[in-house]
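All heavy atoms count here, side chains included; hydrogens, waters and symmetry mates do not. Residue numbers begin at 1 in each chain, while the letters A, B, ... track the order of the sequences.
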Amino acid sequence: MPGTVAQAGSASSGTYRASDIVKSYGSVPVLKGLSVSLHPGRIHTTMGENGAGKSTLFKVMAGLVQPNGGTLHLDDAPLLLSSPHEAHLHGIYLVPQEPALMPELTVAETMFVGQLPTTGRWRRIDWSAMRARAQEALHALGLDIDVDAQSRRLSIAQQQQVECAKALLRGCRVILFDEPTSPLTTHEVDRLFSTMRRLRGEGYTLAFISHRMDEVLDISDDISVLRDGALVDSVERPEFDRTRLLSQMVGREMRTIPRRSWSSATTEAVLTVDGLAHAPSFAEVGFTLHRGEILGLAGLVGAGRTEIAETIFGLRRCDAGSVVLDGAPITGLPTHEIIRKGLVYAPEDRARHGAVLPMTIAQNVSAGLIERVRRRWGLMDRDDEDRIGAEAVSQYRVRCAGTDQTLRELSGGNQQKVVFGKWMGLSPAVAILDEPTRGVDVGAKDEIYELIEARARAGTAILVISSEMEELVRLCDRILSIYEGRIVAELHGDGITPERLGRSYLSHAGLGAAA
Amino acid sequence: MSAPALQAAAALPVRPRPARGSAWLRRDLREIALVGVTIATVLVVGAFHRDFMSLQNLRFMMLGCVVLSLLSLGQTVVIATRGIDLSVAPVLGLSAMVTGLMAQTGGLPLYGAFAIALAIGLVLGTLNGLLVARLAIPPIITTLGTYSLYSGLIFLYSDGTQVDSVPHAYATLGNGVVASVLPVPIPVLVLGIVLLLMWFIIGHTRFGRAVLAIGNNQAAAYNAGIPVTITQVGAYTISGVLAALAGLMFLSYTGSATVTTGTGDHMELQSIAVALIGGTAIAGGRGNALGTVLGSLFLSVILTALVFVHVPPIWYSAGEGVMILLAVTAGRGARA
Amino acid sequence: MTQTIIRGARSLRAAVAALPLLLGTALAGHAADIDTSKPIKVAMVPKLVGLSVFKANEQGAQTAAKALNIDFLYTGPVTASAQGQVDVFNSLIARRFNVITTTSNNPTQLAPALRRARKQGIKVVSYDSDVSPDARDFFIQNTDYAAFGKALVESVAKYTGPDAKIAILSSTPDATIQNEWIKALTAYMKATYPKMQIVTTQYGQSSPSQSLTAGLNILQANPDVTGIIAPDGAAEVGAAAAVQKLGRTGKVAVGGCSDPDSIRQYVKSGIIKESPLWDEVKEGELVMYVARLAANNAIQRNGTFTAGDLGSFTAKDGVIVFSTPLIFNAGNIDQYKF
Amino acid sequence: MSGGRNDVTARRGASRRLPLGNWERALLVLLVLLTLGLVAAVPGFYPGFGDFLALSENFLPFGLVALGLTTVILTGGIDLSVGTTASLAAIVMAELWTGLHLSIWIAALLGVASGALLGLVNGLIITRLRTEPLIATLATSFIYGSIATALAGDNPPSGFPDSFNRLGTGAIGGILPYQIVLFGVLAAFFSALISRSAFGRKVVMIGYNTEAARYAGIRVDRIVTLSYVISGTTAALAGIVLAAYYSAVRPDMGSILLLSTITTVVLGGVSIFGGDGSIAGVVIAVLLLGMLRQGMLIAGFSDMVTTMVTGAILLGAIALKNLFAGRGTGLATLLRRLRIRPAATT
């Protein structure tokens, strides 16, 4: 088995074509006969709104999903993939967005799962060879990860890097990345792109999915744009055109995203955080949030922004400092009391934290404060609950068949709107929104921005945590930069530009130039 | 730790491997702790009651844990896949009953008994596995259902009779020593062989690692090309076979089998308890053979110690309950 | 009289002769004396199906049922639980059985269901383990408790000497019949062997494996114990197996009660010298006679009756003592197969 | 999702109007067919209305346990200690009655309270020590069992006053058993509790997604603990009813409850993983399994056959459920392919 980059050899093969792929789930067509081709030594990017079929296409190409029609050709030989494992055997590897952990196993074993090297007559596992080769592969990619560490200790970025090394270990020549950058910080994205460029240089065939225009324009050689399960555009560097790509994706003229010309911020302090600390995530965090203001928290993933929010929200223990809401201290209060006092938090991971996907829209909306549903005989009045759900659906423009539809059936953007409806229905004094547009397609993003702005105009103070600079630049009156658990910079008004923002927290990482 | 850029990495010399000792020590902590606590119990109780430390008592404490250890080894493999096997008790009972009755009335030779026990374990265990892996019935429900079915089989087969005595060869298997110069009881030897085998299977074969991988993350295991269905079925088959072997050892050791053998003593719950004490994670993905056997030995030592210090017998099961809680909470502390 | 029998039991001839002698004026009655014209349905409900002891009762009952024109059913729960027995009773009531005979898992839990049966005109005959007196018409007691207690003590006392340290290995702490026996044997011991001492009482839960473990533990933890009295089938086997495994044959005497099949090997190897019981097969026959007579209303709660070849018996307040203890030893055990 | 922007805002689905889902309806049909079949085919099964109703006295204690256990299973947990809790509570009651000469009813009340306390201990071990429910309740079931045996002594009390015993075997007007009344009231209460109360909503939410519930400000530990308290309480109540039924207590009287009750709850359509399920389904399953067992016994099948059939039904039902939910491979896939026209392939 070709084990490392060094052994990978020259780029003589690896042209991977998918032709006329058709796939439908039940009666819903997802892919309507589309074709793409990937070439060795090139990075192919697939763009498109959520639901355009990008992930499904990649899954078909990686053997995770069986198409209803169409063909796959690797180096002009037809290919039938019945499982991801078979794809691996043909040298095709899909790096999932959030690699599946084997938390109890060591990093080395995780890398070799399914292909553990054996030795001797008894075919016992060759642990030392495995560790050595795992270490070699990680080093070749410039990664410093302890192969004996338990996998549960890896960050998402490290997990992705381990996945890359896994692809190499399996001798795969075609590596597909399913939206690899969305959980990563800018710094980590740079690292990933370096790796990808290096692999491109060695003749690997690479493809990835992204929503982020900047990085797409930065790294791609070919771009395919998908819309509603069909290929609508296909361009090669250098014919990239940001506006054209955007409009192709959404199928309409994309408004440019300017900074907001107005501000609803007042000088009335609603939330005052002082000297807040939670070891080891962050310390000495202090800021004031005003009525109607949209305040951004920028920083790398892992800088402590989510931890700050969760500490304010009472989900984590508070080691030091104080939080004052509307003049009353809420430090260390349990979450349900904090909600009752008017502070809400929409977490970044909807499926795990933000919503209960098997429950209905109405039930999810009322979950924020079950007590607000009217009682009859001490029981929850279902009509009232439906009414609350329906209100949220119409106010936040949730596209659904009815309030009794389960959240699982909705798209990411609509799920997020339901989460919004849950919290905004309480007319909170403060709303903390953690990555509010994560996994939301471009069109819905705009709608969500408008909802946030409308809420601010109604007087709610909003704290937005985001890793997308564009988002922060567009939304915020003021932005705090967090680096390693401390506030390192504050930008406001016209001082907010992507360049300054990037520099504000990246310069501390010693990589300021990258921004 | 700041990460070097990729370009620089190529030039990096391969660093010396990090000391594997520390990581391994961390993972083997439970076994070391179990051995420590077991020895401590023997010494402390032995200081007050000399007979507790007598070679004979030590041997019987080992003998006493053989059947439960065999059962728990199978349970360990199943729990490691994130499953559970409640049907081990009736499988044990059925194996003891069938081989016992055939030996008692038909003079079934010992090798025949092994063959029959293995066949019973193989068939019943595989059936569990197929129900879990192929029909996607949750393990606890599957084995709850087969618990009833297999218990019924014992009645059907025995038709209300019981095994009271076994031929000489069986008694030797259950009570003899390997050789007069080597006074190791044969059941302990059998357990030793099975332990070695299971240690090798879980720790050093692709199948064993696949079991753990499935317990960690079934979808990822599938995607990595692990034959999930076969591995799952295999885990239940192993559990069935070991339970049947435990039944044969039970028969040989006690010379008896009744319709309530296994189920009457709630062996299924005991085996789960032992696996947990031995460090198997109930959520799957972690489990090893040595820990399980040490856990079983520890339990045997503690329960015998309770007799020596004259704790009334009604509190033995409470002692077991307390130990499960201690083992599980202490285990978590060590891993954090 | 009992004294005579126990001494006599040491010889094979006496033991064989003893039973019919004791059962009253031998060969006085025949099945023909009993009105068997109308067929009746009788069920025998053991503590649980699948134990040899109960199977031995069934064996005798089957024989007698044929002679008595009884439609016989042997049924019971699969676990030794009162709930299981009650479920069975209820089904028997619904199926209009004429007589239910049962040995109870415990005396109290079964009572309401059996009372219900009696209310519907079903006769209830308990044997072996009794239920509350108001829940049954007749109880066939295996042996007189005092006599059995004495037999249990004697089964080890002769071999350990009068000042031995004795351990008791019973089934469960709340097993009625075992507790009655333990009470009787303690009283007898105090009176006859005042220097004898009971050092520990352990329980084997009627499970062979737990009994064995308990037996081993007794002997390991109390090295000065020279006799174990185990008044429970599984317990006696467990105690004997423990003595054998520890190589204390000849040093520790085991006594108790168990069916001959399960202790045969230990009696032959000398670990168990004597083990009192009664003839389970014949007891099963008697159960059917009593059932038939009760269904015919041909038996009084106080009075005597004749049960075919078994002889005549006396009922006192509905309690019929089946026999005096039958003592198995190496000499006679091979005559009994159950 | 496609569909118009906001043309449909609120819609009450069919599932909301009917109190029963597909699974529950299937069970109900099965129950009716089974009962009718048994009445028609098994002599003695229907001896009269009162006696027919009285059949339920033999299995409704299982139903009581099932109600509480359902609450726990809906949170994604399990309570293996219900059997020993039932025994212990009954023994506590009996000992208070004989030992302290309390009125039997006060003693019964204290018995139920002790069950709540035992449940609280379970809940606290699970939430405070962060122990898996399976492990925690396995351990406490051993411990409670020991305590029950110790308290019971070698001669556990029996012979309770007749007024109390009627709770187990009496009937209003000789027709309607008190047990049915008790179970009916509690079933209605639990149905409202689970599907209509805030507590029930929180239970279900925790069962589906504990983390999301925590992030929504639900006091997860408190709700989970409370669900074990409820489970302990209903188990204790079952123990008390059993005590009245037998007019006696034994330290092992509850041990038969555990496995059968889990079977019932699962057959009732409650997902062992939490969140999914309804009290209606469990109630129907209680009646279904109870009637089946009584019917088979009366028809002359042995306890053994009845037990085996129960096991087979459990496996068959869940396999069938998976079949319709589209889970599983092998046989399930095979059958599904028979049901759905295969998609076209090139």
Chain C contact via [X] - which portion, at a heavy-atom distance below 4.5 Å:
X: D/Thr307; result: side chain
X: D/Ser255; result: neither
X: D/Phe59; result: neither
X: D/Leu55; result: neither
X: D/Phe301; result: neither

- [ ] Would you confirm whether D/Gln294, through its side chain, and C/Asp87, through its main-chain N or O, come within 3.5 Å as a donor-acceptor pair?
- [x]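 Flag not set: sc D/Gln294 to bb C/Asp87 has no pair under 3.5 Å.
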Can you tell me how far the [atom1] atom of [X] sits from the [atom2] atom of [Y], to the nearest 0.5 Å?
X: C/Ile93; Y: D/Ile298; atom1: CD1; atom2: CD1; value: 9.5 Å
X: D/Asp252; Y: C/Gln205; atom1: CG; atom2: CD; value: 9.0 Å
X: C/Leu48; Y: D/Met304; atom1: CG; atom2: CE; value: 13.0 Å

If every non-hydrogen atom of D/Ser247 is compared with every non-hydrogen atom of C/Pro112, which pair is closest and at what distance?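 Shortest heavy-atom contact: N-CG, 4.1 Å.
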Which heavy atom of C/Pro77 sits nearest to which heavy atom of D/Asp303, and what is that distance?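 Shortest heavy-atom separation between C/Pro77 and D/Asp303 comes out as CA-OD2, 3.0 Å.
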Practice item. Answer yes or no: does atom CZ of D/Arg166 have more than 12 heavy-atom neighbours from other residues, nucleotides or ligands under 6.0 Å? Key: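 At most 12 heavy atoms, drawn from other residues, nucleotides or ligands, come within 6.0 Å of this atom.
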Note to self: What verdict does the side chain to side chain contact (heavy atoms under 4.5 Å, CB included) test give for D/Leu242 and C/Gln109, after you've listed the backbone C-alpha separation in whole Å, the side-chain angles of each residue and the deciding distance to 0.1 Å?
What the structure shows: CA-CA 9 Å; D/Leu242 281 177; C/Gln109 268 181 281; over 6 Å; no
- Task: Side-chain contact test, heavy atoms from C-beta onward, threshold under 4.5 Å: evaluate it for D/Leu297 versus C/Arg95 and give yes or no.
- Result: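 Not touching, per the 4.5 Å side-chain cut-off.
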Min side-chain heavy-atom separation D/Thr149-C/Pro173 under 4.5 Å
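SC-SC contact between D/Thr149 and C/Pro173 confirmed.
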Taking every non-hydrogen pair under 4.5 Å, which of C/Val88, C/Thr75, C/Val86 racks up the most with chain D?
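Option with the greatest count: C/Val86.
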Do D/Tyr246 and C/Gln83 pair up side chain to side chain, a donor and an acceptor below 3.5 Å, judged on atom types alone?
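Yes, side-chain donor-acceptor contact under 3.5 Å.
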